[in-house]
Amino acid sequence: MTIDPQIKEAREHLIRARAVAVLTGAGISADSGVPTFRGTDGLWRNFRSEDLATPEAFERNPRLVWEWYNWRREVIAAKKPNEAHYALARLEAGKQNFHLITQNVDGLHRLAGSKKLSELHGDIWKVRCTSCRLVSDNRDVPLSLLPHCRTCGGLLRPHIVWFGEALDREVLDASLSAVESCDVLLIIGTSGLVYPAAMLMPTAKAHQAYVIEVNLDPTPYSSDVHLSLQGRAKDIVPLLL
Ligand code: OAD
């Protein structure tokens, strides 16, 4: 079997790296059948995620936002991690210094066994009370369209970071410190359009990391990274490790 020279180069960098950071987006879960945000499969009743994933949208119409999340929860509940998720869990087991940063809220990395994990945008399987702020696990599918807090009766919302909201400081700091200190940053399946996640790549580069991208299509990162590998995450990622 001949190995693509680009794959070989990526592999060599990953093997040599003392510290590896990985940033994933919806593209890694697309191979498990989870719709992406900016692909046509991600549209729900013609709403874009930017129309629904905001505090203003929830204030205007919490029922509609919960309907969308109920749809996503239903879709995700039936999905399993794929070869790319499992390969990253194996990489973690083999590297002392490893950090996985994901923008995904689907929980598939954790299901695959990843532990050194920062979930930048929260977790679809958690809810938060808009009154007492209590965060709790909730795997009900579907949830009632206006779910209420068992403790104080306040309205529950998804424990997800929406557009216009700040990321959890600790999660962001852990992610920044991982990209600042890694030798290799592997970026998988993200359009690179949403900040502050999108600043992790330039930050890693500014700290002399070697950056590898895996994506089905070219992205705003592609011309800036050291190696851009085009294809499906589930086909390419296992070959790298
Ligand atoms: P996007 O939907 O913006 O981008 C998905 C990326 O995955 C695109 O660049 C696709 O080309 C790529 N892709 C699709 N299928 C793939 C496959 N099988 N293998 C490899 N790549 C593939 O999703 P994100 O970049 O993750 O935020 O979006 C970032 C954030 O915007 C999300 O976390 C979400 C969204 O609004 C919140 O929910 C707060």
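All of these numbers come straight from a predicted model, not from anything done at the bench. Below, all heavy atoms of this structure are taken into account, side chains as well, without hydrogens, waters or symmetry copies. We count ligands from 1, going down the list as the structure has it; atoms in each ligand are counted the same way.
- Under the side-chain hydrogen bond (donor to acceptor under 3.5 Å, both in side chains) criterion, Asp31 pairs with Arg232, sequence neighbours left out.
- The main-chain N or O of Asp224 is found under 3.5 Å from a side-chain atom of Lys205 such that the two form a donor-acceptor pair.
- Residue pairs meeting the salt bridge (charged side-chain N to carboxylate O under 4.0 Å, His left out) criterion with at least one partner in residues 175-194, sequence neighbours excluded, are Arg18-Asp183.
- Ile28 is not connected to Val194 by any chain of hydrophobic side-chain contacts under 4.5 Å among Ile, Leu, Val, Met, Phe, Trp and Tyr, and they are in different clusters.
- Hydrophobic clustering of Ile, Leu, Val, Met, Phe, Trp and Tyr side chains at less than 4.5 Å, counting indirect connections, unites Val184 with Val214.
- If you look at ligand 1, the protein residues with a non-hydrogen atom under 4.0 Å away are Gly25, Ala26, Gly27, Ala30, Asp31, Thr36, Phe37, Arg38, Ser49, Gln103, His121, Val161, Phe163, Gly189, Thr190, Ser191, Val194, Asn215, Leu216, Asp217, Gly231, Arg232, Ala233.
- Checked against salt bridge (Lys or Arg N to Asp or Glu O under 4.0 Å), Glu119 has the following partners two or more places apart in sequence or in another chain: Arg110.
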